[in-house]
**Student:** 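First, the structure itself, so that you have it in front of you.
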Amino acid sequence: MTDVPESHPRYISLRIRDVMTAGVERGITSAHGLIAHGRGEAFDYLIGERTQAFAKEAIRGAAAMLLLAKHAVISVNGNTAALVPHNLVDLGRILDAPLEVNIFHASAPREQAIQNHLLKNGAAEVLMPTKEAQLSHIDSNRKFVHPDGILNADVVFVPLEDGDRCEALRKMGKEVVTVDLNPMSRTAKYASVTIVDNVVRALPALIQEIQTLRNSAPAVLQEIVSGFCNESVLSAALEWIRREPEND
Ligand code: PTJ
C-alpha cells in the first residue's frame, strides 16, 4: 500500500491504483489491465471525476433494462473483479442474476482466481467459461461462455468491455449494458446503454437506482427504456469533455 496521507489531493485515485496493483499481485487482474486503467483515469479526469448528468441518465436506463430482463447476466473481468467485487455480488443478488467470469487475456489460473475472489466476497455461484458454449461473430478468448449464462442471456452487463465482444453480443440479439469512461470507444457506441463513468462510482449508483425502481410497473420501466437514447448520452459526454474550463 502506498503511504499517502488522506489529505493528498489525489488520495482516492492513488488508493484505487493500490487496489489495481494488488489485483495484479493476487493474479486477478492482468498487467494489461493496468494500462486499460490508466486510459480510464485520463477520461475520468476529463469528466471531472464525478458522476455527471449523462451518466445518471444512463444509470436510469440501465436499471430499467436490467429490471425488465428475463435472464440478465453480469460479466466479470480482471479489472472489475479487483475494483468492485462487493458491488458485483450485490448487483447479482438484487437482480437474481448470475456472475460469469469472462476475460480477454486468456489465462485459466486468472479465471480461477477471479472466481475464488468473487466467492470470497459473498457470491453464491460464479459461472465459468466453457468450451461447449461459444459466442458467434468473435474470435478472442471472450467467445467462450457458459451455456446457462451469457449464451442464454437477453441482457448482459459488461463493465469495461472490449468492442469486439460488445458487437458480437449485439449481433446475437442481446442487449448490452456497459460502463466505459471513454465515450468514443467502440464498446460505448455499440452498447444499448453506456454509462460513461468510473465503475467505482457507477456500480453503487446503479444498485441504488435499481432499488428505487424495483417496484415500478413493467410499463413504467419500458417507458424509461424506450425514452433512452445512447447516442444522445455519448454526445452529451463528449460535449462535457470539450467544455471550456470556466464552465466548471
Ligand atoms: O481481465 P481481462 O483479460 O478481460 O482484461 C480486461 C481489460 C480491461 C484489460 C480488457 O477488457 C481491455 O483491454 O479493455 P480495453 O479494450 O482496454 O477497454 C477498457 C475500457 O475501459 C477503456 O475504454 C477505458 O477507458 C475504460 N476504463 C478503464 N478503467 C475504467 C474504465 N471505465 C470505467 N471505469 C474504470 N475504472
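All values reported here derive from a predicted model rather than from experimental measurement. The first residue in the sequence is number 1, and the count goes up from there. In each ligand, atom 1 is the first atom listed, and ligand 1 is the first ligand listed.
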**Student:** Please give the N or O to N or O pairs under 3.5 Å between ligand 1 and the protein, distances rounded to 0.1 Å.
**Tutor:**
unit_1: ligand 1; atom_1: 1 (O); unit_2: G78; atom_2: N; d: 2.8
unit_1: ligand 1; atom_1: 1 (O); unit_2: R110; atom_2: NH1; d: 2.9
unit_1: ligand 1; atom_1: 3 (O); unit_2: F104; atom_2: N; d: 3.2
unit_1: ligand 1; atom_1: 3 (O); unit_2: H105; atom_2: N; d: 2.8
unit_1: ligand 1; atom_1: 3 (O); unit_2: R110; atom_2: NH2; d: 2.6
unit_1: ligand 1; atom_1: 4 (O); unit_2: F104; atom_2: N; d: 2.7
unit_1: ligand 1; atom_1: 17 (O); unit_2: R39; atom_2: NH2; d: 2.8
unit_1: ligand 1; atom_1: 23 (O); unit_2: D180; atom_2: OD1; d: 2.8
unit_1: ligand 1; atom_1: 23 (O); unit_2: D180; atom_2: OD2; d: 3.4
unit_1: ligand 1; atom_1: 32 (N); unit_2: L181; atom_2: N; d: 3.2
unit_1: ligand 1; atom_1: 34 (N); unit_2: V199; atom_2: N; d: 3.0
unit_1: ligand 1; atom_1: 36 (N); unit_2: N198; atom_2: OD1; d: 2.9

**Student:** Tell me whether D90 is salt-bridged to R93, with the criterion being a basic N under 4.0 Å from an acidic carboxylate O.
**Tutor:** yes
**Student:** Whether K189 and E231 form a salt bridge (side-chain N of Lys/Arg under 4.0 Å from carboxylate O of Asp/Glu) is what I want to check.
**Tutor:** no
**Student:** Looking at R186 and D164, is there a salt bridge between them, counting it only when a charged N and a carboxylate O are closer than 4.0 Å?
**Tutor:** yes
**Student:** Which pairs would a plain distance check flag for residues 205-217, meaning a side-chain donor or acceptor within less than 3.5 Å of a matching protein atom at least two apart in sequence or in another chain?
**Tutor:**
unit_1: E209; atom_1: OE2; unit_2: R60; atom_2: NH1; d: 3.3
unit_1: T212; atom_1: OG1; unit_2: Q208; atom_2: O; d: 3.0
unit_1: S216; atom_1: OG; unit_2: L213; atom_2: O; d: 2.9

**Student:** Shortest non-hydrogen contact from A191 to T178?
**Tutor:** CB-CG2, 3.7 Å
**Student:** Check this for me, if you would: do E175 and R170 make a salt bridge, where the nitrogen-to-carboxylate-oxygen distance has to be below 4.0 angstrom?
**Tutor:** yes
